Amino acid sequence: MNKNKHLIVIAGPTAVGKTDLCLEIAKELNTEIISADSRQIYKELNVGTAKPSAEELQKVKHYFISNKSIHDFYTAGMFELDVLELLENIFRERDTILMTGGSGLYINAVCKGIDALPRVEKEIRSDLIKQYEKEGIESLRYSLQKLDPASYRTMDLKNPKRILKALEITIQTGRPYSSFLTRQSKKRPFNIHKTGLMRERDELYDRINKRVDQMLEKGLEAEAKQLFRYKHLNPLDTVGYKEFFEYFEGKISREEAIRLIKRNSRRYAKRQITWFSKDQEIKWFHPEQKEEIKSYIKKQISTC
RNA sequence: GGAGCCAUAGCUCAGUCGGUAGAGCAACGGACUGAAAAUCCGUGUGUCCCUGGUUCAAUUCCAGGUGGCUCCA
């Protein structure tokens with residue numbers, strides 16, 4: 001453990017005000033920002049992901065924004081490795097760096113680690129998806145019970161994505177998925193200080209609704225239209241885009257699409273809150289408590 | 001001034017021939033070690049406008065009040 005190196009995490013639900021505050025703190029600490037956001041990573045996704053503006057990106061160096069394509073396959077596990085590698089380089093030159101974002105799994109992958117899993121061949125995944133589509137989740141459950149009974153016992157058997165994951169690893173390696181999981185949290189060679197931003201629910205929802213209106217003004221619909229042909233790609237399974245796709249397909253009205261974007265963003269925020277509130281290491285603040293946050297961070301850095 | 005209609009969940013409304021009530025939307029709670037802005041699970045949250053009356057029992061029937069809407073003046 002290097003006592004002089006610090007990763008400052010600033011987590012929080014969507015639209016709480018992470019971007020503005022982090023820019024300010026980064027400037028104050030004369031450092032840079034690592035984004036932990038599973039959608040801002042993609043260069044094709046802009047308006048709908050509320051990325052920092054070009055101007056803001058110029059003021060403070062950001063990592064993991066627009067550095068992947070929606071055609072790439074990317075996961076939390078890859079994010080862990082990429083960030084650790086980056087941190088090794090960054091910490092040669094500076095002692096402190098910020099990491100901010102709303103993707104709880106990504107943040108955990110960096111802070112606690114995630115068990116290493118092998119890469120899965122495309123055909124295995126697509127075959128399993130075909131099996132799911134043709135024969136339903138029952139069929140997946142049956143396969144799992146046969147191939148990895150340990151996972152079958154502990155897993156949420158109503159969640160197709162979970163079963164699919166376990167099966168693809170098991171089939172790829174010939175070893176049960178459960179045998180890869182140690183669930184041990186990894187030690188990091190640097191200090192981690194977690195803070196979180198939170199607002200009253202009403203206040204947060206109001207900001208979400210308004211931000212969606214702003215996205216529309218900035219051209220969300222045009223962006224979605226351009227990406228419509230890629231709607232089958234996972235990164236496009238995202239609030240703000242998928243609702244517009246439904247509209248383009250004539251399934252819902254434009255008005256309804258906008259209503260659903262707002263609602264789904266609110267629900268997303270709720271899920272983030274549930275995830276983050278489980279993390280006892282997070283010290284919570286209201287985004288307007290700027291001075292308190294800054295002094296808290298400085299204190300954390302100096303007392304370590 | 002007179003008459004009629006309405007008042008039930010956050011919203012729009014259904015319902016109870018008298019036995020304390022439900023649907024859509026919204027909301028709320030949770031799970032989550034690799035697609036995570038994803039995926040999955042769970043939950044009616046209620047002075048049935050108020051006050052009396054009738055009744056074993058009133059959100060339901062009756063009367064009055066209050067508020068809203070409409071019509072006649």
Side-chain angles (χ1 to χ4, degrees), chain A residues 11-16 18 35-42 45-51 68 70-83 101-120 122 125-126 128-129 132 137 140-141 151 154-169 172 177-186 201-202 204-205 208-209 211-212 215 220 224 232-244 256 259-279:
Chain A
T14 190
V16 77
K18 296 188 290 295
S35 166
D37 186 302
S38 71
R39 292 300 188 268
Q40 291 185 3
I41 275 192
Y42 299 107
L45 272 36
N46 292 296
V47 178
T49 59
K51 273 182 196 168
K68 292 287 170 190
I70 54 173
H71 304 285
D72 297 333
F73 178 74
Y74 201 68
T75 68
M78 293 158 85
F79 183 73
E80 175 192 2
L81 299 178
D82 288 345
V83 172
S103 301
L105 182 62
Y106 280 38
I107 292 173
N108 275 3
V110 171
C111 296
K112 297 182 176 171
I114 193 165
D115 291 312
L117 292 179
R119 180 148 197 157
V120 174
K122 273 184 185 170
R125 179 171 296 121
S126 60
L128 282 166
I129 290 171
Y132 173 54
I137 195 164
L140 295 184
R141 270 185 217 146
S151 287
T154 54
M155 186 165 282
D156 176 1
L157 296 173
K158 289 182 176 171
N159 192 328
K161 289 209 175 186
R162 298 275 147 70
I163 304 181
L164 246 14
K165 184 78 222 167
L167 283 177
E168 70 179 30
I169 296 296
Q172 174 71 47
Y177 170 70
S178 49
S179 71
F180 288 92
L181 304 181
T182 68
R183 295 188 178 270
Q184 299 253 308
S185 130
K186 293 176 198 162
R201 201 63 66 87
D202 288 354
L204 182 65
Y205 284 6
I208 288 172
N209 295 339
R211 195 172 71 179
V212 172
M215 286 176 176
L220 177 59
H232 59 283
L233 297 175
N234 177 66
L236 273 311
D237 189 2
T238 300
V239 177
Y241 300 93
K242 57 183 179 180
E243 296 85 357
F244 261 119
E256 176 70 354
R259 204 198 111 243
L260 289 175
I261 291 172
K262 290 177 180 174
R263 184 199 67 184
N264 292 340
S265 298
R266 280 181 246 126
R267 290 182 176 175
Y268 167 49
K270 169 60 182 91
R271 272 178 270 130
Q272 290 175 298
I273 291 170
T274 299
W275 178 288
F276 290 130
S277 58
K278 216 172 40 173
D279 190 337

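Please read these numbers as outputs of a predicted model, since none were measured by experiment. Residue numbering restarts at 1 for every chain, and letters A, B, ... go by the order of the sequence lines.
- Smallest separation of non-hydrogen atoms from Arg211(A) and Thr14(A): NH2-OG1, 2.6 Å.
- In G15(B) the O4'-C1'-N dihedral to the base is more than 90° from 0, which defines an anti nucleotide.
- Atom P of C17(B) sits at a distance of 40 Å from the matching atom of A73(B), rounded to the whole Å.
- Using modelled atom types, one finds a donor on one side chain and an acceptor on the other under 3.5 Å when comparing Asp82(A) with Tyr74(A).
- The residue among Tyr106(A) and Gly113(A) whose nearest nucleotide of RNA chain B is located toward the 5' end is Gly113(A).
- The shortest distance between the side-chain N/O atoms of Thr75(A) and the OP1/OP2 oxygens of A35(B) is not below 4.0 Å.
- The closest side-chain heavy-atom distance from Tyr42(A) to Leu233(A) is not below 4.5 Å.
- Set against G34(B), A26(B), A35(B), the side chain of Arg263(A) has A26(B) as its closest nucleotide.
- Taking atom CG on Leu157(A) and atom C1' on C32(B), their separation rounds to 14 Å, with Å as the unit.
- With C1' as the reference atom, G53(B) and U60(B) are 15 Å apart, rounded to whole Å.
- A3(B) and U70(B) make up a base pair, with Watson-Crick or G-U wobble contacts both under 3.5 Å.
- Closest contact between the side chain of Arg267(A) and the listed nucleotides A26(B), A36(B), G34(B) involves A26(B).
- Nucleic acid contact class of Ser103(A) (heavy atoms, under 4.0 Å, all strands): sugar-phosphate only.
- Listed pair Lys278(A) / C32(B) meets the phosphate criterion, a side-chain N or O lying under 4.0 Å from OP1 or OP2.
- If you measure from atom CD of Gln172(A) to atom P of G34(B), you get 17 Å, rounded to the nearest angstrom.
- Between Lys165(A) and the phosphate of A35(B), there is a side-chain N or O to OP1/OP2 separation shorter than 4.0 Å.
- On the P atoms, C56(B) is 23 Å away from C48(B), given to the nearest whole Å.
- Contact check, Asn234(A) against G34(B): no side-chain N or O comes under 4.0 Å of OP1 or OP2.
- Across all strands shown, C32(B) has no partner, as no Watson-Crick or G-U wobble contact with both distances under 3.5 Å is found.
- Residues Arg263(A) and Glu256(A) are not paired through a salt bridge, judged by the lack of any N-O separation under 4.0 Å between the basic side chain and the carboxylate.
- Pairing partner, C49(B): G65(B), with both Watson-Crick or wobble hydrogen-bond distances short of 3.5 Å.
- Residues Lys165(A) and Leu117(A) share a closest heavy-atom pair of CE-CD1, 4.2 Å.
- Among the heavy atoms of the strands lying under 4.0 Å from Thr49(A) is at least one base atom, whether or not backbone atoms are also near.
- Two residues are said to be in side-chain contact when any heavy atoms from C-beta on lie closer than 4.5 Å; Arg141(A) and Lys158(A) meet this criterion.
- Searching all strands for a Watson-Crick or G-U wobble partner of G24(B) with both distances below 3.5 Å returns C11(B).
- Among the atoms of the strands shown, base atoms are found under 4.0 Å from some heavy atom of Gln184(A).
- Closest approach of Leu220(A) to Gly240(A), counting heavy atoms only: CD2-O, 3.8 Å.
- Looking at heavy-atom distances under 4.0 Å, Arg201(A) makes contact with sugar-phosphate atoms alone, never a base.
- Of all nucleotides present, none satisfies the Watson-Crick or G-U wobble test against A57(B) with each distance under 3.5 Å.
- Closest to the side chain of Arg259(A), out of G30(B), C28(B), A26(B), is A26(B).
- Base-pair partner of C17(B): not found among the strands shown (Watson-Crick or G-U wobble, both distances under 3.5 Å).
- Comparing Asp115(A) and Gly104(A) by the nucleotide of RNA chain B whose heavy atom lies nearest to each, the residue mapping closer to the 5' end is Asp115(A).
- Note that OG of Ser103(A) and CG of Asn108(A) are 11.0 Å apart. Values are rounded to the nearest 0.5 Å.
- Among the atoms of the strands shown, none is found under 4.0 Å from any heavy atom of Ala166(A).
- The NZ atom of Lys112(A) sits 14 Å away from the P atom of G34(B) (whole-angstrom rounding).
- As judged by a 4.0 angstrom heavy-atom cut-off over every strand, Ile129(A) is placed among the base-contacting residues.
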Exercise. Which letters describe nucleotides 39-46 of chain B, given B = protein heavy atom under 4.0 Å from base, S = only from sugar-phosphate, - = neither?
Worked result: BSS-----
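- Contacts of Asp37(A) with the nucleic acid, taken as non-hydrogen atoms under 4.0 Å apart, include base atoms.
- OP1 and OP2 of A27(B) both lie 4.0 Å or more from every side-chain N or O belonging to Lys270(A).
- Counting heavy-atom neighbours within 6.0 Å of Arg259(A) CZ, excluding the residue itself, gives a total above 12.
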